[in-house]
Amino acid sequence: MRSYLFVPGDSEKKLERALSAGADALIVDLEDSVAPGEKARGREVAAAFLARAAEQEGGPRLYVRVNALDTDLIGADLDAVMPAGPAGIVLPKASGGQDVAHLAAMVAVREAEYALPDGATAILAIATETARGVFALGTYGGSSHRLRGLAWGGEDLSADIGAEANRDAAGAYTEPYRLVRALALMGAAAAEVDAIDAVHTTFRDLDALAAECREARRDGFVAKLAIHPAQVPVINEAFTPSSDEIARARAIVSAFEANPGAGVVAIDGEMIDMPHLKRARRVLARAG
């Protein structure tokens, strides 16, 4: 999974168009992109779309961003979309592993109620939208077998902490958000789930997006959130290993397989040890 494209859950036109955007996953959004007065209609539109899309083969995985646990909306959101069997639920404003465990219990009840396979519904948590969530980034490990990834974001966080902006004049994240980004990466690694990079809100600046993707992949993120279909090809290219990277990863794995008792092997004059092997396996997993 490289790209997750947010799509407003109350827009039939945008939902249908998003199916051909090339994203690995669509996030049908019932939270921020649906106005308070349109929540009920948004659920109806989203549920109908999920049911139609589920009949098609070879399309993107379908996730749904529900409203936060501290609202009175999440139960109705789940009741509307779970009968269609979405691939996963995206939890906004997560405040730690206990929130994931809470959502997992709610999902499990509905899987049983709607005769869905037990454990089939994954969870992605957006883990840095509040200061409280930032301080809980180390609590996701073992919270639920459903948890597949942690995403970070700085838009809601800026409002929560009272910041005037989250980027400087050059477009780079300011210090508080660089810190949060790094902590989210560590939190995902500690929980052994995917680290998913934040949205790039200036969606017409694809060069800046590409640069941000390269930096994210360099640092350990494996995917990125998108808010516009035009961003998807850029994200997919950035997070897809090149043929040279795949070839080198295969060479590293093969060298260790040929020397099963070795802790270090030599390839092209370079000493390669276990951290290199671990990275190589990750490259091959992404390529697959």
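Only heavy atoms go into these numbers, but all of them, side chains included; no hydrogens, no water, no symmetry mates.
- Counting heavy-atom neighbours within 6.0 Å of R132 CZ, excluding the residue itself, gives a total of 12 or less.
- In plain terms, the two heavy atoms of A84 and L50 that are nearest each other are CB-CB, 3.6 Å.
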request  = List the steps, then state whether side chain to side chain contact (heavy atoms under 4.5 Å, CB included) holds for F6 with V199.
outcome  = CA-CA 9 Å; F6 281 107; V199 299; 4.0 Å; yes
ask   = So D156 and I126, side chain to side chain contact (heavy atoms under 4.5 Å, CB included) or not? Walk me through it.
value = CA-CA 11 Å; D156 285 276; I126 305 179; over 6 Å; no
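- In the hydrophobic cluster analysis, where Ile, Leu, Val, Met, Phe, Trp and Tyr join through side-chain heavy atoms closer than 4.5 angstrom, F221 is grouped apart from M1.
- To the nearest 0.5 Å, atom CE of residue M274 and atom CZ of residue F256 are 4.5 Å apart.
- By the 4.5 Å heavy-atom criterion applied to side chains, D24 and F239 are not counted as neighbours.
- By the rule that hydrophobic residues join a cluster once side-chain heavy atoms approach within less than 4.5 Å of another member, V234 and Y4 end up as members of separate clusters.
- Connection of L30 to F49 is established within a shared hydrophobic cluster, with ILVMFWY side chains joined at heavy-atom distances below 4.5 Å, either directly or through further cluster members.
- For F135, the CZ atom counts as loosely surrounded, since its 6.0 Å shell holds 12 or fewer non-hydrogen atoms of other residues, nucleotides or ligands.
- K93 places none of its side-chain heavy atoms less than 4.5 Å from the side chain of D70.
- Counting non-hydrogen atoms of other residues, nucleotides and ligands closer than 6.0 Å to CZ of R148 gives a total above 12.
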request  = Applying salt bridge (charged side-chain N to carboxylate O under 4.0 Å, His left out), run through R178 and E175 and close with a yes or a no.
outcome  = CA-CA 5 Å; R178 291 197 293 270; E175 186 60 32; 2.7 Å; yes
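- A continuous path of hydrophobic side-chain contacts links Y177 to L179 [ILVMFWY only; heavy atoms under 4.5 Å].
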ask   = Going through the checks in order, is the side chain to side chain contact (heavy atoms under 4.5 Å, CB included) test met by V66 and V90?
value = CA-CA 6 Å; V66 294; V90 177; over 6 Å; no
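- In terms of heavy-atom proximity, Y140 sits nearest to A125 at CE2-CB, 4.2 Å.
- Between D29 and K14, the closest side-chain pair of non-hydrogen atoms is not below 4.5 Å.
- Using a 4.5 Å heavy-atom threshold, the side chains of L157 and E129 count as separate.
- For the residue pair H102 / D99, no side-chain donor-acceptor distance below 3.5 Å is found, with atom types taken as modelled.
- With hydrogens and angles ignored, the 3.5 Å screen pairs no side-chain donor or acceptor of E38 with any backbone N or O of A35.
- Residue D168 places its CG atom among more than 12 non-hydrogen atoms of other residues, nucleotides or ligands, all under 6.0 Å distant.
- In plain terms, the two heavy atoms of D197 and A216 that are nearest each other are OD2-CB, 3.4 Å.
- Counting heavy atoms from C-beta on, the side chains of V28 and Y63 never come closer than 4.5 Å.
- A donor-acceptor contact under 3.5 angstrom links the side chains of N236 and S3, judged on distance only.
- In E237, the CD atom is not crowded: 12 or fewer heavy atoms of neighbouring residues, nucleotides or ligands sit closer than 6.0 Å.
- Here CD of E257 is found 12.0 Å from CZ of R250. Values are rounded to the nearest 0.5 Å.
- In this structure, the side chains of L103 and L78 come closer than 4.5 Å at one or more pairs of heavy atoms.
- Atom-to-atom distance recorded for L284:CG and E245:CD is 11.0 Å, nearest 0.5 angstrom.
- The 12-atom threshold is not exceeded at CZ of R204, counting heavy atoms of other residues, nucleotides or ligands nearer than 6.0 Å.
- Checked by atom type and distance alone, the side chain of S11 never pairs as donor or acceptor with a backbone atom of P8 at under 3.5 Å.
- Checking T121 against E111 by side-chain atom types alone, a donor-acceptor pair falls below 3.5 Å.
- The two residues A80 and A47 have their closest heavy-atom pair at O-CB, 3.4 Å.
- Interatomic distance, CG of L183 versus OG1 of T128, reported as 9.5 Å (0.5 Å rounding).
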key: Evaluation steps, side chain to side chain contact (heavy atoms under 4.5 Å, CB included), between V283 and I252   = CA-CA 11 Å; V283 168; I252 291 172; over 6 Å; no
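- Within 6.0 Å of atom CZ in R17, 12 or fewer heavy atoms from other residues, nucleotides or ligands are found, so the atom counts as exposed in its surroundings.
- Within the 4.5 Å cutoff, no side-chain heavy atoms of M106 are placed close to those of I89.
- Counting heavy atoms from C-beta on, the side chains of K224 and H200 come closer than 4.5 Å.
- R2 places no side-chain N or O within donor-acceptor distance of the main-chain N or O of T240, the cut-off being under 3.5 Å.
- Using a distance-only test at 3.5 Å, with no hydrogens or angles considered, no donor-acceptor pair links the side chain of D194 to the main chain of I196.
- Distance check: T201 OG1 to L225 CG gives 12.5 Å after rounding to the nearest 0.5 Å.
- A donor-acceptor pair under 3.5 Å is formed between the side chain of N166 and the backbone N or O of G154.
- Taking CZ of R52 as the reference point, atom CG of L19 lies at 9.0 Å (rounded to 0.5 Å).
- Heavy atoms only, all atoms of each residue included: G96 and T139 are closest at CA-OG1, 3.3 Å.
- Under 4.0 Å is where a charged nitrogen must lie from a carboxylate oxygen, and between R43 and D77 at least one such pair does.
- Under the 4.5 Å side-chain heavy-atom criterion for Ile, Leu, Val, Met, Phe, Trp and Tyr, L150 and V134 are members of the same hydrophobic cluster.
- Using modelled atom types, no side-chain atom of S158 and backbone atom of A165 make a donor-acceptor pair closer than 3.5 Å.
- Here the side chain of D10 pairs no donor or acceptor atom with the backbone of V34 at under 3.5 angstrom.
- For D79 and R110, the salt-bridge test passes: some basic side-chain N is under 4.0 Å from an acidic carboxylate O.
- R65 places no side-chain N or O within donor-acceptor distance of the main-chain N or O of P92, the cut-off being under 3.5 Å.
- Proximity of a side-chain donor or acceptor of D205 to a complementary backbone N or O of A208 within less than 3.5 Å is detected.
- The number of heavy-atom neighbours closer than 6.0 Å to CE of M186, taken from other residues, nucleotides and ligands shown, is 12 or below.
- R248 contributes no side-chain N or O that, together with a main-chain N or O of I246, makes up a donor-acceptor pair within less than 3.5 Å.
- The existence of a salt bridge linking R167 and E212 is confirmed by a sub-4.0 Å separation between a basic side-chain nitrogen and an acidic carboxylate oxygen.
- Minimum heavy-atom separation, A18 to L26: O-CD2, 3.6 Å.
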